[in-house]
Engineer: 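Below is one structure. I have some questions about it.
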4 protein chains.
Amino acid sequence: MRTRATSQYRAELRERIIQSAVENFAKKGFDKTRMEDIAASCGLAKGTLYLYFKSKEDLFFALCEYNLEQLRNQLSRLFSKKENIMSDAERFYDEYRRASLGADTIWFEMIALSTRNPKLRKILAENQNKVYQAVKEFLKAQIERGFFREDIDVDAIAAGLIALYNGLATNKLLLQTSNSESQRVWTETIRAIIGAASSKQ
Amino acid sequence: MRTRATSQYRAELRERIIQSAVENFAKKGFDKTRMEDIAASCGLAKGTLYLYFKSKEDLFFALCEYNLEQLRNQLSRLFSKKENIMSDAERFYDEYRRASLGADTIWFEMIALSTRNPKLRKILAENQNKVYQAVKEFLKAQIERGFFREDIDVDAIAAGLIALYNGLATNKLLLQTSNSESQRVWTETIRAIIGAASSKQ
Amino acid sequence: MRTRATSQYRAELRERIIQSAVENFAKKGFDKTRMEDIAASCGLAKGTLYLYFKSKEDLFFALCEYNLEQLRNQLSRLFSKKENIMSDAERFYDEYRRASLGADTIWFEMIALSTRNPKLRKILAENQNKVYQAVKEFLKAQIERGFFREDIDVDAIAAGLIALYNGLATNKLLLQTSNSESQRVWTETIRAIIGAASSKQ
Amino acid sequence: MRTRATSQYRAELRERIIQSAVENFAKKGFDKTRMEDIAASCGLAKGTLYLYFKSKEDLFFALCEYNLEQLRNQLSRLFSKKENIMSDAERFYDEYRRASLGADTIWFEMIALSTRNPKLRKILAENQNKVYQAVKEFLKAQIERGFFREDIDVDAIAAGLIALYNGLATNKLLLQTSNSESQRVWTETIRAIIGAASSKQ
DNA sequence: CATGAATGAGCATTCATTCAT
DNA sequence: CATGAATGAATGCTCATTCAT
């Protein structure tokens, strides 16, 4: 408590609150989570949250931005690598899982909410677009290096890969597949897509 | 009006209530929608809803089942056809759009809620599994007929196709792509997957 | 409870709530009075109040209007009489007291609040103006009938009488004078004013 | 700045806080004014106020005493003068206005609160009594000097004058009369009262 | 069957006050 | 002396649900 006034301290506490919020929202959803729950989770008093976030909704936005940044980093990191795409893809699932630990619920809630909340929709759209651009750049690079055929529909394939990625989260919940199965789905499907686009044959 | 008590009448009113609920939930989300809103939407009094559904949650379940049945029919219809898969795929987008008109929001809300509600999770999982089985049967049939290679990972590809399908709903919201673009994404990606699995080469 | 839906029933309940609100606001003031207190006072649940008044502030407004109407009736009745003004004045204090039973506190709170609330200010101003006009009409009538001199400043005297009336409420609280004393103050002061204006001398 | 701890410094700061409190209470009322608002108004931190006043209520009391002293001085000054009462009265309105600049709201709030707060009631009552005595002394002096008739009801007239004075504050708000009109009301009414009491006729 | 008045649990938010620095 | 981060009690309002009509 010595460093209370530091901006460093404030930033850390802010992050701690977000972490607690993630845990709670993931467990109970936005509406069923009470500000008091979140406060208790990080050993603070209810009122303290309001020193860091203007409202419950504001906290949720901050949480979204925080989460999205992590996802973005993870995905663009994967696709920016110059190495063999398949070996990367195989390594992908573990990272994928780690980043979204328990946050799947929130992810769907975010999307649902975004259809009614322009502010949130904007954040999500911007985020998704960044990823979209990164994937497209990756595909173009592969073409230039002669690994992919020149006539593939880059935009469509990029969007398709993202859809696959997004869809895996849904599958995970709805088909309740085991982790290893999930990994195989991703690898095999991506292999199919990449294989078809590949110019090696 | 003498026949009001008919079970036919009851069934119809029940459905009308579900329709109103869909509209309202889609517009405002589950929590922000009040029972009174739904009642007003179909010209009934608040209390009347409770003659048809035990609770707000119960109404939401009924709505989910109703929606899922439609989706299931649509998807399994597509994959049960013995004809050329690609021509079907190209026809797919329109049906896809029609079925999910305005209900995308509810779809994500359903998924989010299902992570906390075992009863709903069960309904969703069963539903998704039926579709999964249908897709697998379809793939196996293609192999038997010699259209697909024998060594493809049927389970993974089936799950991948479903992920792609699910992911398209997410893309639609997050990338805000136009309809024609969305259609192309689906067609091209499926073409890539199918093409790779194809034994024609 | 048989007549629940009647508009008569609704009107009566509305009035009962206002009565309870008066008691509570008078005892504890606007801010210290909780909606629950008021509800309990008339044997209702908190939520029921909101079926009759949109908010706590709305209830306060309704209360103000109700109170003002009573005061207005009382005062204008007094000044519209064609008889001897002094005997009326002497009878005045009892009526005055009866109408403001326990509501003095609210009266001051209303005035204080009106300085920050345009809506309330308007109600109060309109009300006071009606009384002002009534008093002026009365004075003019007295002049016409030859009881008052023609050169008196009708506007000023009317405003003065009202100030005296309003000031008595303040005196009552601040000088804590007995009822009989209060009555004498009113009678004597009015006698002085009237006497000075009188043309009989 | 070395002399900060001086009692002189403390007294001045205390007064500055009261001034800020007056401004804030006048603008927003007691309940809607936050300690932080007051602190900000005089460039202090929230916590600092508590070094000078035990609580928000305590601050309000101090403010009342401060205000009352000013009013008392003003009124008793007026009535203690041995000169012509009418010329004084005519001069009165300007002083009256100056003293109550923006503080009318607080005045009514004080009165309303006093009905529930014995401590405040006591302060207000003592204050008003001092004024009452001063006015009575003045009237008696006028009688002794032969300016007023001997049979006037000194107590009642004194209380009446005070009621008139108090009532003017109410009128000012409720009739929203212009300044010049307000002045005329006071002068004319007092002239009527004094005239009636006068023995000159 | 249908109604809608009444209920009351539930929660976000505010702000006076404290106290470690 | 001064600060302002942290506290947590307090309360207005909403809305799912019930039930007398």
Side-chain angles (χ1 to χ4, degrees), chain A residues 1-6 9-10 13 31-40 43-59, chain B residues 1 4-6 9-10 13 31-40 43-59, chain C residues 1-6 9-10 13 31-40 43-59, chain D residues 1 4-6 9-10 13 31-40 43-59:
Chain A
M1 294 293 169
R2 175 168 314 255
T3 45
R4 243 207 247 176
T6 317
Y9 169 83
R10 281 189 62 85
L13 187 45
D31 282 283
K32 290 266 172 64
T33 297
R34 297 173 307 144
M35 288 301 264
E36 189 151 23
D37 297 333
I38 299 172
L44 293 173
K46 226 179 333 176
T48 309
L49 301 189
Y50 289 87
L51 297 177
Y52 293 84
F53 303 94
K54 216 174 59 217
S55 66
K56 191 183 178 184
E57 204 188 41
D58 192 49
L59 171 53
Chain B
M1 292 302 163
R4 269 199 184 181
T6 316
Y9 171 82
R10 280 190 61 87
L13 189 45
D31 279 282
K32 290 263 173 67
T33 296
R34 299 171 307 144
M35 289 300 265
E36 188 151 23
D37 297 333
I38 299 172
L44 294 172
K46 235 181 325 177
T48 309
L49 301 189
Y50 288 85
L51 298 175
Y52 292 84
F53 301 94
K54 216 177 62 212
S55 68
K56 190 184 180 185
E57 205 187 41
D58 193 49
L59 170 54
Chain C
M1 293 295 169
R2 174 170 313 255
T3 46
R4 245 208 246 174
T6 318
Y9 169 81
R10 282 190 61 85
L13 187 46
D31 281 284
K32 291 267 172 62
T33 297
R34 297 172 309 145
M35 287 302 265
E36 190 151 24
D37 297 334
I38 298 172
L44 293 172
K46 225 183 331 176
T48 309
L49 301 190
Y50 289 86
L51 297 177
Y52 292 84
F53 303 94
K54 216 173 59 217
S55 66
K56 190 183 178 185
E57 204 188 39
D58 192 49
L59 170 53
Chain D
M1 291 303 161
R4 268 198 185 182
T6 317
Y9 171 83
R10 281 190 61 87
L13 189 46
D31 279 283
K32 290 263 173 67
T33 297
R34 299 172 307 145
M35 289 301 264
E36 188 151 23
D37 297 333
I38 299 171
L44 293 172
K46 236 182 323 177
T48 310
L49 301 189
Y50 288 85
L51 299 175
Y52 292 84
F53 302 94
K54 214 175 62 211
S55 67
K56 191 183 178 185
E57 205 187 40
D58 193 49
L59 170 54

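Numbers restart at 1 for each chain; the letters A, B, ... are given by sequence-line order, proteins then strands. As a basis for the values below, the full set of heavy atoms in this structure was taken, side chains included, without hydrogen atoms, waters or symmetry mates.
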Engineer: Please list each protein N or O that sits under 3.5 Å from an N or O in nucleotides 9-11 of chain F, with the distance.
Structural biologist:
unit_1: dA10(F); atom_1: N6; unit_2: Lys46(A); atom_2: NZ; d: 2.9

Engineer: Keeping the roles fixed (side chain from Lys56(A), backbone from Thr33(A)), state whether a donor-acceptor pair exists under 3.5 Å.
Structural biologist: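 At least one qualifying donor-acceptor pair exists.
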
Engineer: Between P on dT21(E) and OH on Tyr9(A), what's the gap in Å once rounded to a whole number?
Structural biologist: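 To the nearest whole Å, that distance equals 10 Å.
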
Engineer: Quick one: closest heavy-atom pair of Phe53(D) and Asp58(D), and the distance?
Structural biologist: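 It is CA-OD2, 3.7 Å.
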
Engineer: Can you identify which nucleotide, out of dC1(E), dA16(F), dT17(E), has its nearest atom closest to the Leu51(B) side chain?
Structural biologist: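 Comparing dC1(E), dA16(F), dT17(E) against the side chain of Leu51(B), the answer is dC1(E).
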
Engineer: Side chain of Ser55(D), heavy atoms from C-beta onward: which of dT13(E), dT17(E), dT7(E) has the nearest atom to it?
Structural biologist: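 The closest nucleotide is dT17(E).
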
Engineer: Would you please name every residue forming a side chain to side chain contact (heavy atoms under 4.5 Å, CB included) with Leu13(C), sequence neighbours left out?
Structural biologist: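 Counting only residues at least two positions away or on another chain, Leu13(C) forms a side chain to side chain contact (heavy atoms under 4.5 Å, CB included) with Tyr9(C), Arg16(C), Ile17(C), Leu44(C), Tyr52(C).
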
Engineer: Calculate the interatomic distance between Leu13(C) atom CG and dT7(E) atom P; express it in whole Å.
Structural biologist: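 Taking atom P of dT7(E) as the reference, CG of Leu13(C) is at 9 Å.
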
Engineer: Check side chain to side chain contact (heavy atoms under 4.5 Å, CB included) between Tyr50(A) and all other residues, then give those that pass, not counting sequence neighbours.
Structural biologist: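 Only Met35(A) meet the side chain to side chain contact (heavy atoms under 4.5 Å, CB included) criterion with Tyr50(A).
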
Engineer: Measure CG/Asp37(D) against P/dC15(E) and give the value in whole Å, please.
Structural biologist: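 It works out to 8 Å between those atoms.
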
Engineer: Between CZ of Arg10(D) and CG of Leu51(D), what distance do you get to the nearest 0.5 Å?
Structural biologist: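 Spacing of CZ (Arg10(D)) from CG (Leu51(D)) equals 7.0 Å.
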
Engineer: Is Phe53(A) touching bases, backbone alone, or none of the nucleic acid, heavy atoms closer than 4.0 Å?
Structural biologist: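 Since no nucleic acid heavy atom lies under 4.0 Å of Phe53(A), the category is nothing.
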
Engineer: For Watson-Crick and G-U wobble pairs within 3.5 Å on both distances, what is DNA chain F written in dot-bracket notation, | included for inter-strand pairing?
Structural biologist: .||||||||||||||||||||

Engineer: Could you check how far CG of Leu49(B) sits from P of dT18(F), rounded to whole Å?
Structural biologist: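 Rounded to whole Å, this separation is 13 Å.
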
Engineer: Find the distance Leu59(D):CG to dT17(E):C1' and express it as a whole number of Å.
Structural biologist: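 Spelled out: CG on Leu59(D) to C1' on dT17(E) is 14 Å.
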
Engineer: Can you sort out the partners of Glu36(A) under side chain to side chain donor-acceptor pair (under 3.5 Å), two or more places apart, ordered by chain and number?
Structural biologist: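 Checked Glu36(A) against side chain to side chain donor-acceptor pair (under 3.5 Å); zero matches.
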
Engineer: Measure from the side chain of Tyr50(B), starting at C-beta and using heavy atoms only, and say which of dT7(E), dC1(E), dT17(F) lies closest.
Structural biologist: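 The nucleotide sitting nearest to the side chain is dT17(F).
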
Engineer: What residues, two or more places apart in sequence or in another chain, satisfy side chain to side chain contact (heavy atoms under 4.5 Å, CB included) together with Asp31(C)?
Structural biologist: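 Scan of Asp31(C) (side chain to side chain contact (heavy atoms under 4.5 Å, CB included), adjacent residues dropped) gives Asp31(D).
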
Engineer: For the pair made of CD in Glu36(D) and C1' in dG4(F), what is the distance, rounded to whole Å?
Structural biologist: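 Between C1' of dG4(F) and CD of Glu36(D): 9 Å.
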
